[in-house]
Structure formats: C-alpha cells, structure tokens
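Notes follow the structure.
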There are 2 protein chains.
Amino acid sequence: MAEDLPSSRKVYLEEDGLRVPMREIALSGGQSPVRVYDTTGPQGYDPRQGLPKLRAPWTARRVGRGDQNLSQMSCARHGEITEEMRFVAVRENLAPAFVRDEVAAGRAIIPANIRHPELEPMAIGRSFLVKINANIGNSALSSSVEEEVDKLQWATRWGADAVMDLSTGPNIHETRERIIRNAAVPIGTVPIYQCLEKVGGQIEDLSIDVFLETIIEQAEQGVDYFTIHAGLLLRHVPLTASRVAGIVSRGGSIMAKWCLCHQQENFLYTEFERICEVAKKYDIAFSLGDGLRPGCLADANDQAQFSELETLGELTKIAWQHDVQVMIEGPGHVPVHRIKENMERQLAACHGAPFYTLGPVVTDIAPGYDHITSAIGATLIGWYGTAMLCYVTPKEHLGLPNRDDVKAGVIAYKIAAHAADLAKGHPGARTRDDAMARARFDFRWQDQFALGLDPPTARAFHDETLPDASAKESHFCSMCGPAFCAMRITQDVREQASRVPRRDCPLKPDSP
Amino acid sequence: MAEDLPSSRKVYLEEDGLRVPMREIALSGGQSPVRVYDTTGPQGYDPRQGLPKLRAPWTARRVGRGDQNLSQMSCARHGEITEEMRFVAVRENLAPAFVRDEVAAGRAIIPANIRHPELEPMAIGRSFLVKINANIGNSALSSSVEEEVDKLQWATRWGADAVMDLSTGPNIHETRERIIRNAAVPIGTVPIYQCLEKVGGQIEDLSIDVFLETIIEQAEQGVDYFTIHAGLLLRHVPLTASRVAGIVSRGGSIMAKWCLCHQQENFLYTEFERICEVAKKYDIAFSLGDGLRPGCLADANDQAQFSELETLGELTKIAWQHDVQVMIEGPGHVPVHRIKENMERQLAACHGAPFYTLGPVVTDIAPGYDHITSAIGATLIGWYGTAMLCYVTPKEHLGLPNRDDVKAGVIAYKIAAHAADLAKGHPGARTRDDAMARARFDFRWQDQFALGLDPPTARAFHDETLPDASAKESHFCSMCGPAFCAMRITQDVREQASRVPRRDCPLKPDSP
C-alpha cells in the first residue's frame with residue numbers, strides 16, 4: 001500500500017472508545033497535511049485469518065439484551081445512538097444525533113450485518129458523502145477465491161466504499177466467506193444467483209423456500225445487503241415486449257421467466273414479509289433491485305421501468321414497518337437530459353429512501369469506455385441526490401473485469417462521487433482540490449502526486465517526459481518548458497503587480 | 001485504418017459537384033448499414049506531398065472576382081451560399097440556407113482559410129453537431145515534425161473535428177506547414193507563441209509589429225483559426241492577485257506580463273482592428289482566448305474571468321464589423337454546479353458567438369485522469385450549448401501527450417460531444433446508439449465492435465475472457481455465462497409472453 005499511496009499514513013480519530021480511521025497525506029513546503037476518508041481497512045492481516053472483529057462487543061451487547069429486532073433502523077427509532085452511528089458520525093464529521101435521525105427516517109442506511117464484525121461502519125444517504133460500490137465475483141467462466149479477495153482489497157485501496165460479490169460460479173459459498181472475513185466495507189450479494197445454482201439452473205424450480213434457506217445461509221456469513229428483485233411483477237413483464245434491449249438485469253430476467261412459467265406473481269413480492277423477518281434478525285439492508293432497468297438509451301424512463309419503481313416504493317413501506325433498512329436500485333442507460341427525472345421519481349415513489357444507481361451510461365456507442373460514459377451519468381445523478389454509485393468498468397458489455405479494470409472503474413467513480421460532493425456543496429469537499437491547486441502553483445510535484453486519486457499513475461506520466469529526479473523540483477513542466485511556463489510567469493507578474501509602476505522593466509526572464 | 005475501423009468504408013454523398021465523405025459501417029443479420037460523420041480525411045497520400053486541394057477552385061473563383069473580404073461571414077451576409085456552406089449542409093443534413101444564415105448571424109463559423117485548400121469544411125455552432133478539438137504540437141523539450149503529422153492523422157482517425165498546433169519549440173514553421181498540408185480538418189494556432197520565439201523569449205520585446213508579421217506568415221501557410229488573447233486588459237491583471245492558481249493560460253500570462261512591464265494596455269486589444277484586416281483577407285476565424293480562465297475550482301467564475309469575458313464580447317462586435325468569424329474560448333476548471341453560469345454569461349456577453357471550452361475539469365484531485373474529469377464538464381457544457389469542446393488528455397497537468405494520450409483524449413471527448421448531441425435531441429443522434437443496442441440484444445459481437453468508437457479495444461477486451469472465434473457468435477457473454485444470460489432469458493420470455501398461458505412450463509433452459 002505504501003508505494004500506491006505515498007506520503008500517506010493511517011491515523012485514528014479517537015472518540016469515547018471508538019477508533020475511526022482516516023488517511024493523512026503529508027505535504028511539503030510547510031503545508032499542513034490533508035486528511036481524507038479511508039476505505040482501505042486494517043492492513044497486514046493474513047487473508048486466511050481475516051480482519052480483527054471490531055464490532056464484536058457492540059453487537060454482542062445488543063444481542064445480549066435480547067432485542068427482537070437488531071437493525072440500526074430499529075435502534076434509531078427507539079432513540080438509540082449505536083456505536084455504528086457514532087462511528088459514521090466521526091467518519092463524516094457529523095453529529096451522532098443527526099446520523100440517528102437520518103437512519104430513523106429511512107433517508108440513510110448503515111448496512112451492518114451483526115455477523116460481520118470486521119466491518120468499519122459507513123452510511124449511505126443523501127446528506128452524507130456520495131459512496132461508490134464495486135462489483136466483484138467469479139462466474140462459471142473464470143477466476144478463483146484468491147483473486148476475488150485480492151480484488152476486494154484492491155478495490156478498497158483505491159476507494160470503494162462497498163463491494164458486491166456477484167459470484168455465480170462454483171465455490172460461491174467459500175468465495176463469499178473469504179471475502180466477508182477480509183472486508184472492512186459492507187458486502188452485498190444477489191441471493192437469487194445462488195438459489196439458481198441450488199436448483200441446477202432450472203428457473204422454474206425456484207421457490208420462496210429455496211430463497212429463504214439461501215438468504216439465511218448468507219445472513220449467517222455476514223452479508224450486509226441483499227439485492228432483491230421483488231418489485232418486478234407479472235403484469236410488468238409485457239411492458240418490456242416492445243423494448244429494444246428487453247430485460248438486461250440478470251435477477252430481473254430470472255424472476256420474469258419464473259413469473260411467466262408459472263403464470264404466478266413474483267414470490268419475492270408475495271412473500272416479502274417473510275424475507276423482512278430474516279433481514280431484521282441480522283440487520284441486513286435491502287437493496288431493492290430494478291430488474292426492469294433500461295439496457296439502452298432507447299428504453300430509458302419507460303413504463304416498465306417506472307411501474308417497477310412504484311412497486312419498490314410500496315415494498316419500502318413494508319420493509320420500514322419491520323424497521324428493515326432499504327435503498328433503491330436505479331439505472332442503467334439514460335441520456336443526460338433524462339437523468340434528473342429518474343432522481344425525482346425515485347424520491348417521490350420511494351419516500352426518500354437512498355437511491356443507488358448503476359451509472360447511468362449516457363451513450364451506448366463506447367464499449368471499452370463505459371467507465372467514462374457512466375461516470376458522466378453518475379456525476380449528474382449524484383449531484384441530483386443519489387447516495388451510492390455502482391461502478392462500471394471498462395469491460396462492461398464485453399467481459400469480466402480484471403484487476404486493472406477494477407481500479408479503472410473505482411477511480412472513475414471516485415471522480416464522479418467527489419464531483420457530486422463538490423456540486424452539492426458538501427462541507428470541506430473542496431479541501432483536497434484546493435491543496436492540489438496550491439501544490440500546482442508552487443510546483444510541489446511530489447505533493448501533487450500524493451494528493452491525487454492515483455499517485456503511481458500521475459508520477460509515471462510525469463516521468464515519461466521528465467524522468468530526472470531534479471524535474472520533480474523544477475519550476476516548470478514539460479507542457480510549456482522553462483520559457484513558457486504560465487504559472488512561473490504569473491509568479492513574476494504577482495511580484496511586479498505588488499510594486500509601484502516604473503518605466504524600466506524589472507521582469508527579465510530567468511535563464512532556462 | 002482498415003483494422004482500426006473494421007466493416008467501415010468511406011462513401012461520398014454527391015451533390016451538384018460536391019463529394020462529401022461519410023463513413024459507412026456495414027452490419028450483419030440483415031441490418032442496414034449505419035453512416036457516421038467522417039473526419040478521417042483522404043487516405044493513402046504521401047505526407048511529403050500533402051492532401052488533394054479540394055477547395056482550390058472554390059477559393060480561386062472568389063479571389064478571381066476581386067472580393068475585398070473573402071470571409072464566409074462576408075459571403076453569408078451578402079446572401080451567398082458558398083461551396084463550404086453547401087459542403088457543411090450535406091455533411092450535417094441541413095439546408096444550405098440555414099447554414100448561411102447561422103454564419104451570417106455569427107452563431108456559427110466555418111474556419112476555412114483560403115490558403116488551406118486541403119480542408120474538408122466543417123461548422124462550429126450551437127445548432128450543429130458538437131465538435132471536438134485536439135491539441136498537438138512539440139515543445140522545446142520533445143517530439144519531431146513527423147510525430148506531429150502522425151498525431152494529426154491519429155487524432156482525426158478517432159474523430160477530432162479540428163486540431164490546434166501548439167508547437168513552441170524549434171521547426172515551428174516547418175512543423176505547421178507539414179501539418180496544414182496534411183490536414184482535412186481546420187488547423188488553429190496561438191500566434192503569440194511564435195512571436196515569443198522571434199523575440200528570443202523576451203516578453204517585454206513583443207509588439208504589434210512582430211504579431212502582425214507572424215500572423216501574416218501563418219495566414220499564408222493556411223492556418224484556419226487564431227487564438228488571440230486580446231481580451232486580457234491591464235486592469236484585469238490585479239483581479240488575479242488573490243487567486244489560488246493565478247493565470248494558467250500561457251498566452252494570458254505572456255500578455256499580462258507585457259502589460260505590467262510596459263504599464264500599457266494589451267496591444268492585441270488596442271490594435272485589434274489591424275488584426276481583423278489580416279484575418280478578413282484570408283478568412284481566418286478568431287478564437288478569442290480566455291487568458292484569465294480559472295486554473296482550479298477555487299478560482300472558477302471569478303471577477304477576473306468574467307471581466308475578460310465582457311471584453312471578449314466587445315471584441316466580437318468589432319470583428320463582426322469586419323465580417324471576421326469569431327468563437328469564444330472558455331474554461332478550464334469549474335465545479336459541476338457552476339458550469340451552467342459560464343454558458344449563460346457567454347451567451348449574454350458575446351452576442352451568440354459559438355463557445356469553445358477546455359473541458360471544464362470538474363475536480364482537481366485526479367491528475368492522470370483529467371480526460372475523465374473534463375469529459376464530465378464537457379458533456380454538461382456541450383448540453384448547455386457549447387459548440388466545440390477542446391480535449392484534455394490523461395497527461396494534462398503532468399506532461400506532453402503521446403500517441404496513446406491523444407487517442408484517449410479524443411475518445412473521451414467523442415463520448416462527451418455525442419452525449420451532448422443526444423441530450424440536445426440532435427436529429428438522428430441516437431441512430432448509432434440504437435444500432436448498438438440491437439446488436440447487443442442479438443449477440444452480434446462483430447457489429448458491436450464495428451459500431452463502437454474504438455473497435456480494436458472493444459474486441460481486445462472481449463478476447464480477454466472469450467478468446468475463441470466461436471465466442472463472437474455465442475449467444476451469451478463472459479459476464480454471466482450461458483446459464484445466466486439476461487438477454488438470452490429475455491428472448492425466451494418474449495416467446496413465452498407471446499403465447500397463451502398454460503399450466504406446464506415451455507421454458508426449459510437450453511443446455512449450456
């Protein structure tokens with residue numbers, strides 16, 4: 001980690017018994033260090049052992065007192081400020097009571113399964129920093145358990161706030177176990193994938209019993225949030241018939257096929273309260289899936305999508321009756337001018353529950369660059385109020401992301417999330433930008449690298465044109481060269497401007 | 001070019017004597033081909049000979065009839081529809097009279113120096129497709145003439161609509177000559193750079209005489225548009241004193257230093273009409289430079305920036321009195337929520353002249369990724385009405401772009417420009433997106449690659465997980481694998497939905 005994040009050290013904000021991690025970036029030139037939100041988690045532990053169990057005592061006490069409902073929402077509604085809420089408050093520099101109230105109102109969630117003691121709690125909500133989710137997971141076609149754990153650590157090193165394990169292949173249980181034991185960030189899953197494995201891929205054999213058995217298995221492992229496609233109803237399926245891209249959500253297509261097969265209503269919808277009963281025992285948050293999200297611009301904001309959204313709003317109220325935390329999944333593929341409508345309708349339909357979107361991608365013509373096409377849409381929808389952005393990697397629509405793709409996706413989404421925080425005027429959001437600007441003006445190259453989202457890449461790019469170590473001290477750069485440096489000239493200009501005007505010119509350019 | 005743009009061939013739309021190039025992408029599965037705007041220019045010519053002189057007869061006739069003012073604006077205002085306007089009309093599927101009226105009103109420009117006969121005319125204006133500009137050019141520190149010509153061809157292959165030669169090093173004249181002779185796109189420069197070379201880097205020795213001599217030299221070579229920092233006034237300089245990043249425009253810092261040196265007004269401003277006299281003889285468009293654009297978020301939308309913008313509006317009117325075409329340069333570094341104000345103020349201050357912005361970058365914390373931070377801002381400002389977007393490469397703030405950086409910058413900006421065209425509801429803008437969506441739904445992988453902005457990259461990504469040629473025919477992809485493919489299931493769902501409901505389930509999954 002040291003070489004990836006130079007001049008950085010982990011510091012802990014101590015507050016009555018809590019130790020909340022931050023990353024402190026040391027600067028030169030007498031500048032005070034900059035502290036940034038830290039998602040890297042405890043370092044140097046053997047993946048086979050897993051991380052320390054930070055939350056064990058907190059959850060033990062809640063379990064000990066015999067609460068029937070262990071969710072953060074239940075505690076909040078009973079006026080309790082949990083350790084998780086206090087941890088989040090310190091992490092985001094907010095009042096603990098404010099965190100509690102946002103959770104109680106359903107405007108924010110703290111995904112934190114009581115079986116996931118390794119978690120460093122974080123909040124997802126409109127009044128908090130915009131978060132990003134990275135998807136990992138192996139498929140029938142590739143990758144190993146070790147690779148997935150490595151992807152988890154790699155994704156969080158670069159700033160992923162949450163990670164979904166979308167494994168569909170073999171070792172699905174073992175892969176998940178190893179990921180959770182090594183995760184300081186919340187882990188989400190799409191349980192229907194494992195259910196389908198259990199019924200040998202026969203969609204028509206899926207049932208609520210297989211589903212409940214599967215979510216209990218995953219709940220025991222410590223999964224923090226479940227994507228559940230309970231809002232896709234039998235009557236919605238025909239609405240997709242005229243679409244260009246049909247149904248592009250895996251879970252959505254599975255449930256649509258089940259509904260048609262049996263000519264029955266989606267069992268995730270009809271048996272939703274039984275699912276809530278499981279969730280509340282572990283404090284698992286729901287990520288209500290948008291199985292009918294548009295898969296191309298032509299299908300954006302259509303009746304199928306918004307009909308399902310209405311149902312998600314209905315399910316949100318039911319989950320809240322059980323004090324189960326909820327966020328709502330959103331698109332997808334949406335042109336720039338139609339993004340705002342998605343946020344407005346979600347707010348109206350889902351009673352203020354946090355929105356969690358996949359991009360959206362704003363054009364379909366750039367396969368290989370969908371981390372960019374979607375970071376554009378993600379920035380906009382984040383600005384409009386989306387609480388968490390699910391990353392898209394350059395491999396989207398083409399293949400499974402490898403390590404480099406995971407990093408590219410995370411960095412693109414850190415840019416989107418931060419740009420949204422700046423646009424929302426989040427307090428202190430600009431501190432790091434301003435430190436970078438000063439480092440540029442002062443030609444403090446090492447500080448510029450250290451303050452960036454990806455120091456090794458920034459340094460490597462600088463080395464390409466000016467490899468000498470001395471260039472890292474030089475008061476110009478390769479873009480202009482010595483004679484043309486705007487910033488150097490500006491410094492001369494400032495000196496001169498501060499003087500009394502005189503006839504002769506005191507500004508002789510330095511020799512290159 | 002063939003391997004970079006597979007299944008593509010150049011076709012020509014013939015219209016009374018004009019042959020306007022388009023790129024036609026052939027598709028499989030009985031789908032009709034898709035035609036896209038083509039910037040690649042004539043292929044297969046020896047760079048030492050240069051391209052054919054398409055416009056020679058057009059300009060010869062105008063020169064022959066002894067016009068005093070040869071600008072497109074002058075012709076338009078006299079009601080003439082030039083070949084250049086007709087070429088643009090065919091290229092963008094618009095009425096020639098509409099093109100003429102936009103040029104006459106100053107809402108659009110066609111940069112087309114009469115000494116640049118190799119040019120395939122294009123228009124920059126709010127009612128046209130959003131264009132992108134790529135900057136190339138060597139500096140004192142690197143690169144050769146051949147490299148720059150190669151960068152020009154490389155940039156236009158991937159879709160650059162215009163190219164600026166920002167060379168500051170040696171061979172500045174020869175480099176420019178070779179670039180223009182091989183350019184089917186308009187070429188822009190910042191003449192003050194060469195002026196500074198001529199006075200040995202002594203800013204205080206710059207004068208209007210050196211400047212006029214230099215722009216005539218460049219005009220004779222065929223430069224199509226000049227960036228001129230005539231709006232930076234002596235009284236503006238103190239407004240930058242309190243800035244975090246000061247003046248970051250090279251030309252701006254040079255003129256600011258000159259003004260302070262001499263305690264005199266910017267000679268580009270005081271002698272502006274003499275510059276117009278040169279421009280009108282060759283039909284060179286002005287790109288009025290924003291020498292005081294913000295260089296970081298902290299300096300965005302400040303008094304220095306907007307004071308200069310007011311002066312640019314004043315200069316626009318003067319240029320228009322000479323029938324000289326004008327566009328206005330814009331920022332820079334601006335947070336998302338403050339971008340719209342830039343567009344609104346430019347429209348108000350500059351009487352509808354086209355806006356041409358550099359990004360804007362929406363956060364300062366991602367050196368190495370400023371093609372992404374700026375593509376986000378560029379998409380927004382393009383949507384709001386900016387006519388041309390100046391690309392930013394991953395090397396911005398760090399070094400000089402190489403071939404890969406040029407491509408990365410162009411692709412990111414093609415995404416931004418196209419996303420803006422879609423958001424503006426530009427007629428036909430979605431055709432290519434819809435063709436891609438259909439190709440995805442039909443699993444026509446080769447068509448997906450061919451329809452993309454970067455086919456080789458898309459194919460390489462697909463090969464990484466599914467290298468077999470057979471996979472290019474397969475009805476699933478590596479993201480889900482055979483058993484989970486949402487789109488395949490959707491096709492089953494559609495079949496089923498079209499049938500009468502029955503008790504038994506007709507949807508047995510295919511064997512993987």
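Chain letters run A, B, ... following the sequence lines, proteins first, then strands; residues in each count from 1.
- Two residues are said to be in side-chain contact when any heavy atoms from C-beta on lie closer than 4.5 Å; B/I254 and A/I489 meet this criterion.
- Looking at B/N135, neither its backbone nor its side chain comes within 4.5 Å of chain A, counting heavy atoms on both sides.
- Proximity to chain A is limited to the side chain of B/T379, based on heavy atoms less than 4.5 angstrom apart.
- For B/V244 against A/A437, the heavy-atom pair with the smallest separation is CG1-CB, 3.6 Å.
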Fill in: Intermediate values then yes/no, side-chain contact (heavy atoms from CB on, under 4.5 Å), A/F461 and B/T393
CA-CA 11 Å; A/F461 283 0; B/T393 78; over 6 Å; no
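- In terms of heavy-atom pairs under 4.5 Å with chain A, the best-connected choice from B/Q491, B/R430, B/H333 is B/R430.
- Residue B/P455 does not touch chain A at all, counting heavy-atom pairs closer than 4.5 Å.
- For B/R440, the part lying near chain A is the side chain, with the backbone staying farther off; criterion is any non-hydrogen pair under 4.5 Å.
- The shortest distance between side-chain heavy atoms of A/K395 and B/E464 falls below 4.5 Å.
- Only the side chain of B/N402 comes within less than 4.5 Å of a heavy atom in chain A; its backbone stays farther off.
- Listed by chain and residue number, nothing satisfies the salt bridge (Lys or Arg N to Asp or Glu O under 4.0 Å) test with A/D421 (two or more places apart in sequence, or in another chain).
- Going from atom SG of B/C296 over to atom CG of A/D434 covers 6.5 Å, rounded to the nearest 0.5 Å.
- Of the residues considered (A/D299, A/L297, A/I339), A/L297 shows the highest number of contacts with chain B, using heavy-atom pairs under 4.5 Å.
- Residue-level contacts of residues 413-420 of chain B with chain A, in order of numbering, are B/I415, B/H418, B/A419; threshold 4.5 Å between heavy atoms.
- Just one of A/D364, A/T363, A/V362 meets the side-chain contact (heavy atoms from CB on, under 4.5 Å) condition when paired with B/L422; it is A/T363.
- Here B/H337 is the residue among B/M436, B/H337, B/Q448 with the most heavy-atom pairs under 4.5 Å with chain A.
- Here the straight-line distance linking atom CD1 of B/I247 with atom OG1 of A/T490 works out to 5.0 Å at 0.5 Å rounding.
- Ranked by heavy-atom pairs shorter than 4.5 Å toward chain A, the options B/D454, B/L451, B/L166, B/D442 are led by B/D454.
- Taking every heavy atom of both residues into account, B/A458 and A/P367 meet most closely at CB-O, 3.9 Å.
- At least one side-chain heavy atom of B/Y369 sits under 4.5 Å from a side-chain heavy atom of A/T457.
- With chain B as partner, the option from A/G368, A/G452, A/A298 having the largest number of non-hydrogen pairs under 4.5 angstrom is A/A298.
- If you tally non-hydrogen atom pairs under 4.5 Å between each of B/A412, B/A408, B/P394 and chain A, the highest count goes to B/P394.
- Residue contact with chain A, scored on non-hydrogen atoms closer than 4.5 Å, involves the side chain of B/L380 exclusively.
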Worksheet entry | Candidate pair A/R243 and B/R494, rule side-chain contact (heavy atoms from CB on, under 4.5 Å), full reasoning | CA-CA 10 Å; A/R243 279 182 160 186; B/R494 285 197 178 172; 3.8 Å; yes
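- Of the listed residues (B/I365, B/L453, B/I376), the greatest number of heavy-atom pairs within a distance under 4.5 Å of chain A belongs to B/I365.
- Here the CG-NE2 distance, from B/L398 to A/H462, works out to 7.0 Å after rounding to the nearest 0.5 Å.
- Residue B/R459: no heavy atom, backbone or side chain, is found under 4.5 Å from chain A.
- Contacts of B/I411 with chain A are made by side-chain atoms alone, with heavy-atom separations under 4.5 Å and no backbone atom involved.
- Contact annotation for B/R438: both backbone and side-chain heavy atoms come within less than 4.5 Å of a heavy atom of chain A.
- For A/D370, the part lying under 4.5 angstrom from a heavy atom of chain B is the side chain only.
- Nearest heavy-atom pair, A/A486 versus B/S253, reported as atom, atom and distance to 0.1 Å: CA-OG, 3.3 Å.
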